[in-house]
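Encoded as structure tokens, the structure appears first; notes follow it.
Ligands are counted one by one from 1 in listed order, and the atoms in each one are counted from 1 as well.
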Amino acid sequence: MKTQFITFIFFLITGLLSAQEGPIIIETQNTAVAYKINSEGKLLQVYMGEKLKNVSEYELLNSRNEAYVTAGMHDVHEPAIRIIHNDSNPSLSLFFQNVEVAEEIDNVKTTVITLKDDKYPVEVKLFFKAFWKEDVIETWTEIVHQENEPVWMTKFASSMLHFGEKEYWLTQFHGDWNKEMIMQESKLTSGMKVLDSKLGTRTNKFQAPFFFLSMNQPATETEGDVMAGTIAWTGNFQFVFEIDELNSLRVVSGMNPFASEYQLQPGELFKTPSFIFTLSNQGKGQASRNLHKWAQKYQVLHGTEGRLTLLNNWEATYFDFDEDRLVELFDGAKELGVDLFLLDDGWFGNKYPRNHDRAGLGDWQANKKKLPHGIGYLVEQAEEKGIKFGIWLEPEMVNPKSELYEQHPEWILKLKNRPEHYSRNQLVLDMSNPEVQQFVFNVVDEMLTEHPEIAFIKWDCNREMTNTYSEYLGENQSHIFIEYVNGFYKVMEDLREKHPDLPIMLCSGGGGRTDYGAMKYFTEFWASDNTSAYDRIFIQWGYSYFFPANTICNHVTSMGNQSLKFRTDVAMMGKMGYDIRVEEFSEEELEFSQQVLKDYDRLKDVIWFGEMYRLVSPYEEERASLMYVSEPKDKAVVFCYNLYPYREEHTNPVKLQGLDPDKKYRVKEINKIPGQRWSAFRQDDQVFTGDYLMKVGLNFADTRELTSTVVELTAEN
Ligand code: GLA
């Protein structure tokens, strides 16, 4: 009787609240998501898309879509949350409690909607952080309960969004080592499609945590209603797309619940990672530009600041170097004109020297044979030569042939009663263990404390998790995939508190760890170990959909058989660097590269912080073209690559975008080989209006395969 009365009062209150609140509108400059509370007190998503002009008309909307569907009740499709209470009851029913604006600072407004179960003391808060100018919304969930005993959660989505269109097209980005971010688009059919990762570490090796959802037609670059989505989580993720019997689509995004049932203690706050999305009614191009601006301003560490150009020694030497060889390479870096020399793998380990990838990982002391005077000497030498010095670390991993393995077997993720399973001859340390967190922190911190001149770190993570068992977690094995990431973030938080400014490149056997959770702590990432410029066009193209150019590291190397000019032009469309034996350059090649670096220095702000337009996709033609335009539209850089010998389409001019139609632009070809008399580009040094360039375009026709042109546009007064 008493419970019934309380329930009655509860409905009365929620009813009143819903009557008072009206629709809850989460809006940005151009888009909105709207919620309403029905007569039962349930929160429904009633709208998502281009914002309505007349706010009062959100009132007219209705829907059957519960905002955050709970398992165990009447909805039989994919839920957002599933909880098993300590009386074994596997249901949850959430009612609207209240809505508040948690924070409003200039461009950013955070709205929180609180939901509560009417039978169990479980509270779920839905957070929406709206970035007005960028049209980006970040959304996450907080779950807490006050039951007497812990509850089990078997699903805990960050976000659930509903769509009601005729057709849905999904673009996903999949791959492997050496072929990251390959784009595929398919029409969604009834039932479920899941994009996920179960790899733990190096988690994006096969599937990257990004997608586009396009309404009613395949997504184009400039037209159509699309949503771009990603999750800020450096671990297992899951995006579920389910079309039900009425052709409604729900998109449920979050950490992957696979093998991750979570035991939530009374009073413990469970916060899910942010799902980040943007809506565009002008195709994928606009969605990418929204994300680039948002990321630089709000997510990537020092996102709006410059980056260092560098010479890396990985492909130039692999493990085969010593002190003298490195100092020689410093000369190359200096001659070339880059800012920094980055010492890669192979500099550490004494009992088990790191002369190959089968030994030494975990023993972070300079190898006495290769580097008799230690890292300090290298730092000094670099300084003397007038360049900065950076170093490679892979602190989360261990080779079985290492002192660390001998000293701390209990720090390693492995199944005791089964054979160890290696990938790249190594194992993963247990980052859920605070002792391991401290060890990893110390590896980096001691390096930086002993050598404060170190100006850059490349942080690698070369394998995924398999045969996973954490000695530290004991009975709570299903927490490992989540607690590993939390441990990693804890270390990064502590490191960033002490070393806030140091640029750190995120690397994971190429681009196996590229997500916006990690990018809060990192300034850039290594896109792929595949540096062959032809393949690289596709890889960099893939990343360009979600990441701004100053975060995507592209190095000029000797891989592939394309010309130095082609390789250079490809590397230049992001954060450029080198990984090559400079002393093997001909005079002409050196002169060319020096000039390119000078031009890059002059144009890097346009490339890094300008608006990016993908003009011709290599997925659609045998060529690729993209451009960057400065915000005042007075400077632009256009890149065009011919991938195959003559095709008719190569003769079509490339129409530019994003310029001021009324401005006049002088077009200048750059990155020309010294002494080159002939160029396929015949419009050098001519002046055109933005209007002409956008309606007619530039002619990059070239009958030779694997050729490229880079032009600089400057507005004339
Ligand atoms: C990974 C990285 C490379 C290089 C090697 C070193 O594969 O992606 O860039 O640092 O490790 O072992």
| message | Please confirm whether the ring centroid of F212 lies under 6.0 Å from the ring centroid of F546. | response | yes
| request: Could you verify whether a donor N or O on one side chain and an acceptor N or O on the other, from D579 and T557, lie under 3.5 Å apart? | output: no
| field | Numbering as shown, the atoms of ligand 1 that approach G509 to under 4.0 Å (heavy-atom distance) | value | 1 (C), 7 (O), 8 (O)
| field | Under 3.5 Å: N/O of W392 near N/O of ligand 1 | value | yes
| Taking atom CG of D320 as the centre, does the number of heavy atoms from other residues, nucleotides or ligands within less than 6.0 Å exceed 12? | no
| message | Ring centres under 6.0 Å, that's the criterion: do F547 and Y516 meet it? | response | yes
| Check: N462 N/O within less than 3.5 Å of ligand 1 N/O | yes
| Minimum-distance protein heavy atom relative to atom 4 (C) of ligand 1 | D344 OD1, 3.4 Å
| task | May I ask you to identify the nearest protein heavy atom to atom 9 (O) of ligand 1, giving residue, atom name and distance to one decimal place in Å? | result | K458 NZ, 2.7 Å
| task | Assess K179 against F538: is NZ or CZ under 6.0 Å from the centre of the six-membered ring, and within 45 degrees of the ring's axis? | result | no
| request: Heavy-atom distances under 4.0 Å are what count here, so tell me which part of R424 touches ligand 1: side chain, backbone, both or neither. | output: side chain
| field | Of the listed options D345, L393, D460, closest to atom 11 (O) of ligand 1 (non-hydrogen atoms) | value | D460
| said: So for ligand 1, is G510 a polar contact partner (N or O within less than 3.5 Å, distance only)? | reply: yes
| request: Quick one: look up the protein heavy atom nearest atom 8 (O) of ligand 1 and list residue, atom name and how far away it is. | output: D529 OD1, 2.5 Å
| More than 12 foreign heavy atoms under 6.0 Å from CZ of F258: is that the case here? | no
| request: Indicate whether the side chain of K370 and that of N355 have a donor and an acceptor atom separated by less than 3.5 Å. | output: yes
| said: Under a 4.0 angstrom heavy-atom cut-off, which atoms of ligand 1 come close to W526? | reply: 8 (O), 9 (O)
| request: Would you check if L495 and W459 make a side-chain contact, meaning some heavy-atom pair closer than 4.5 Å? | output: yes
| query | Any idea which atoms of ligand 1 are less than 4.0 Å away from a heavy-atom of C507? | reply | 2 (C), 8 (O)
